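Heavy atoms only: backbone and side chains are in, while hydrogens, waters and symmetry mates are out. If you're wondering where the values come from, they're calculated on a predicted model, not measured in any experiment. Ligands are counted one by one from 1 in listed order, and the atoms in each one are counted from 1 as well.
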Amino acid sequence: MKYQAPRGTQDILPEEQPWWDCVYRTVARLAREYRYALIETPIFEDAGLFTRLGEATDVVSKEMYIFKDRGDQELALRPEGTAPVCRAYLEHGMQNHPQPVRLWYTAPNFRYDRPQAGRYREHHQFGVEAIGDEDPAIDAEVIEMLWRLYEELGLTGLTLHLNSIGDQNCRPRYLAKLREYYSDKLDQICEDCRGRYEKNPLRLLDCKNERCQPIIAGAPAFSDYLCDACRDHFARLRGHLDDVGIAYTLNPRLVRGLDYYTRTVFEIEPMEAGGQSSLGGGGRYDGLIEQLGGKPTPGIGFGTGIERIIINLKRQEVPLPEQPALEVYVAYQTPAARSVAFKLASDLRRAGVSSVVASGERSLKAQMRHADHLKANRVAIIGDRELADGTVTLKDLREGGKQTTIPLIDVVRQLDDQG
Ligand code: HAM
């Protein structure tokens with residue numbers, strides 16, 4: 001075979017679509033309930049939108065798909081959804097709308113990562129962003145929405161990890177403590193961590209390398225260094241989660257993989273944890289809009305990978321909602337009935353009754369097999385006798401092939417009534 005889907009990408013075949021459909025329907029319904037409005041942004045953006053966000057993170061420094069277009073402009077395939085939505089918020093003057101502006105999206109993202117189970121170079125995310133309000137009630141709302149998504153889909157055994165990583169007031173003090181703690185352990189940590197120590201010490205806590213684990217375990221916790229405002233914000237958020245009965249695990253090592261986060265960060269993990277097991281996560285980014293050239297504006301959101309949701313739905317053997325069946329397969333005995341059959345299928349569809357008409361030179365028997373294969377509820381047969389009488393024989397495949405013959409002009413009404 002000459003071509004295959006690029007490494008780390010996948011075709012979403014028709015047999016997989018019911019899973020996607022089930023997730024998309026649930027996210028759209030939740031977004032409606034919570035009054036989030038749909039936004040779509042381009043698949044590529046000015047590369048600078050992302051590079052200025054965190055050159056010390058893998059997503060930006062190692063995994064972006066960057067290219068120059070024919071006009072020599074440097075563009076990047078979207079690696080994540082938050083920065084584009086914030087760009088759109090500013091570009092379209094949404095700071096003048098009532099705040100917070102609540103937005104949601106589903107979109108493909110591109111990261112040049114090492115492909116493995118649950119980790120792809122193209123993945124799809126459902127995400128929300130609530131921009132313009134720093135009230136911890138919004139943090140709790142966003143977390144509740146993500147939790148409810150998994151709950152409504154039927155996933156169980158999930159853990160919500162929660163942490164606060166402070167703001168520009170308390171972070172420098174914490175980072176100084178963290179650096180001090182690591183300063184005499186640099187020969188015990190991995191090479192990547194030695195780079196992190198210089199460039200982005202918070203990410204030291206996120207290292208997956210075995211040899212760094214005992215050192216991470218002894219590191220100071222941010223919660224001991226939060227300023228009063230951040231401590232109060234975090235306590236109120238936890239209070240709201242308690243109000244709605246959402247259990248969380250405080251995880252002082254949780255820092256997330258992108259650099260724009262402030263205060264609240266969270267991740268939801270399935271029971272069978274692993275290196276890249278996070279089902280979804282997010283947090284506050286109170287400095288991001290300002291970094292993109294706007295006035296200081298708080299924001300919070302999450303992203304959840306749809307592929308990972310589906311992997312977990314299958315792993316937990318969550319049953320899919322029943323798919324609507326093909327209602328009528330229209331078959332004909334001889335070519336003379338083709339035209340009547342074709343028109344009948346068309347009339348049925350116009351009445352909202354799904355139907356497929358036989359095609360080609362197949363025998364009636366082969367057409368019946370085809371109807372079976374398509375799992376049709378009924379077959380409408382136009383044989384020579386029916387053609388002469390102006391009737392149709394309906395064979396109900398769900399009821400052992402029970403047959404009735406009715407006038408052609410009554411078929412659409414009768415099937416429409418029966419639903
Ligand atoms: P993220 O943690 O990088 O956050 O991605 C969110 C989710 O996308 C992950 O939890 C995971 O389910 C899925 N995901 C990420 N990378 C891959 C991959 N290579 N293959 C498959 N699934 C993947 C963000 O992107 C932030 N924009 C989330 C956010 C929104 N924070 C605030 N607002």
Exercise for the section: State, yes or no, whether a side-chain contact exists between F67 and L75 at a heavy-atom distance under 4.5 Å. Expected result: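 Side-chain contact under 4.5 Å: yes.
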Using residues 219-238 as the side-chain source, report each donor-acceptor pair under 3.5 Å to any protein atom, sequence neighbours left out, with the distance given to one decimal.
unit_1 : atom_1 : unit_2 : atom_2 : d
R231   : NH1    : S223   : O      : 3.4
R231   : NH2    : L226   : O      : 2.9
H233   : NE2    : E134   : O      : 2.7

Donor-acceptor list for residues 315-324 side chains, cut-off 3.5 Å, not counting sequence neighbours:
unit_1 : atom_1 : unit_2 : atom_2 : d
Q316   : OE1    : T156   : N      : 2.8
Q316   : OE1    : T156   : OG1    : 3.2
Q316   : NE2    : T156   : O      : 2.9
Q323   : NE2    : P321   : O      : 2.9

Problem - Residue pair Q188 / R211: nearest heavy atoms and the distance that separates them - result: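 In terms of heavy atoms, the two residues are closest at O-NE, 3.2 Å.
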Exercise for the section: Might you point out which heavy atoms bring R121 and R7 nearest each other, and give the distance in Å? Expected result: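 So the two residues come closest at CD-O, 3.3 Å.
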Handout entry: ring-ring contact (aromatic ring centres under 6.0 Å, His included) partners for F266, two or more places apart
Key =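 None.
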Exercise for the section: Collect the protein residues that have a non-hydrogen atom under 4.0 Å from ligand 1 and hand them over in chain and number order. Expected result: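 If the criterion is a heavy atom under 4.0 Å, then ligand 1 touches E80, T82, R111, G118, R119, Y120, H123, Q125, E129, R256, L258, Y260, Y261, S278, L279, G280, G281, G282, G283, Y285, G301, F302, G303, G305, R308.
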